[in-house]
Amino acid sequence: MAGQKILVIDDSKVIRVRVREMLPQGNFEVLEAKDGEEGLKLIRQARPNLIMLDFLLPKVSGWEVYQKVQAHPELSKIPLVIMSGREEEVMEKIPKPFEKHFFAFIAKPFEKKQLTEAIKSAMVLAKKKPVPEAPAAAAAPSSGADAAEIQAMTAKMAKMQAEIDALKKQMSQVITIIKQKLK
């Protein structure tokens, strides 16, 4: 993996340094961003081979970074590891299993072995991700307002789907409780 770029987007310098120290020396160029805004800029400029993304970030949240990366066909192919000390906050936006969304999740704090496994998993999942088809509207020149509106609607649909999945899970739990009470 010599010459591979890994972008670590985390507002904690401790986490950024820890990830850098856990990676094999000399094999990776580690880029760092302290917030989502800086992270998005580096993703577009440097085109990293792997993104390690904290979910709770200042300026632009990890959720927003995730949505913007997923909305861009070329960027969405980049392997992604989402990091968070609060898995439930990630699950509010993106329901489990995370693998069906083609990213790996790692809970903070983590050890070197967990980091290595998450990176390997993210690489495998990125290869399995279907190549998004370019919509017909994208082939024809369109105004920025149309693209922004489509992106906003896509984000709303993703949010609604996450809410539907959460409600299904809650309903299943309620049914399980009722069945237990009826026994």
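Position 1 is the first residue of the sequence, and the numbers go up from there.
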Note to self: Applying side chain to side chain contact (heavy atoms under 4.5 Å, CB included) to Met52 and Val19, what does each step give before you reach the verdict?
What the structure shows: CA-CA 9 Å; Met52 298 201 58; Val19 169; 3.8 Å; yes
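When all heavy atoms of Tyr66 and Ile82 are compared, the closest pair comes out as CD1-CD1, 4.0 Å. Across Lys5 and Ala46, no two heavy atoms sit closer than the pair NZ-O, 2.8 Å. The two residues Ile9 and Gly39 have their closest heavy-atom pair at CD1-CA, 3.7 Å. Here the closest heavy-atom approach between residue Pro73 and residue Ala71 is recorded as CD-O, 3.5 Å. The two residues Ala122 and Pro79 come nearest to each other via the heavy atoms O-CB, 3.6 Å.
One finds a salt bridge joining Glu32 and Arg16 here, because a Lys/Arg side-chain nitrogen approaches an Asp/Glu carboxylate oxygen to under 4.0 Å. A salt bridge does not link Glu38 to Lys59: none of the charged nitrogens lies less than 4.0 Å from a carboxylate oxygen. Between Asp10 and Lys34 no salt bridge is recorded (no basic side-chain N to carboxylate O distance below 4.0 Å).
Residues Lys168 and Ile164 meet the side-chain proximity criterion, which asks for heavy atoms closer than 4.5 Å. Under the 4.5 Å side-chain criterion, counting only non-hydrogen atoms from C-beta, Lys68 is in contact with Leu40. The shortest distance between side-chain heavy atoms of Ile51 and Ile43 falls below 4.5 Å. No side-chain heavy atom of Met83 sits under 4.5 Å from any side-chain heavy atom of Phe105. Side chains of Ile78 and Asn49 form no contact here, defined as non-hydrogen atoms less than 4.5 Å apart. Under the 4.5 Å side-chain criterion, counting only non-hydrogen atoms from C-beta, Leu50 is in contact with Val81. Taking the side chain as every heavy atom from C-beta outward, Lys159 and Glu163 approach each other to under 4.5 Å. Using a 4.5 Å heavy-atom threshold, the side chains of Asp11 and Asp35 count as separate.
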Pairs under 3.5 angstrom only: tabulate donor-acceptor contacts from the side chains of residues 172-179 to other protein residues two or more places apart or in another chain.
{"residue": "Thr176", "atom": "OG1", "partner": "Ser172", "partner atom": "O", "Å": "2.9"}

With a 3.5 Å cut-off and sequence neighbours excluded, list the donor-acceptor pairs that the side chains of residues 111-119 form with protein atoms.
{"residue": "Gln114", "atom": "OE1", "partner": "Glu111", "partner atom": "N", "Å": "2.7"}
{"residue": "Thr116", "atom": "OG1", "partner": "Lys112", "partner atom": "O", "Å": "2.9"}

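Interatomic distance, Asp54 CG to Ser84 OG, rounded to the nearest 0.5 Å: 6.0 Å. Residue Leu57 holds its CG atom at 11.0 Å from OG of Ser12, rounded to the nearest 0.5 Å. Expressed to the nearest 0.5 Å, how far CD of Glu21 lies from CG of Leu23 amounts to 10.0 Å. To the nearest 0.5 angstrom, Phe55 atom CZ is 10.0 Å from Glu64 atom CD. Residue Lys77 holds its NZ atom at 10.0 Å from NE2 of His72, rounded to the nearest 0.5 Å.
Taken together through direct or relayed side-chain contacts under 4.5 Å among Ile, Leu, Val, Met, Phe, Trp and Tyr, Val30 and Ile15 form part of one hydrophobic cluster. Each of Ile106 and Leu56 belongs to its own hydrophobic cluster when Ile, Leu, Val, Met, Phe, Trp and Tyr are linked at side-chain heavy-atom distances under 4.5 angstrom. Hydrophobic clustering of Ile, Leu, Val, Met, Phe, Trp and Tyr side chains at less than 4.5 Å, counting indirect connections, unites Trp63 with Leu75.
Distance alone, capped at 3.5 Å, places no donor-acceptor pair between the Arg20 side chain and the Val8 backbone.
Hydrophobic cluster of Val14: no remaining members, since no ILVMFWY side chain lies below 4.5 Å from it.
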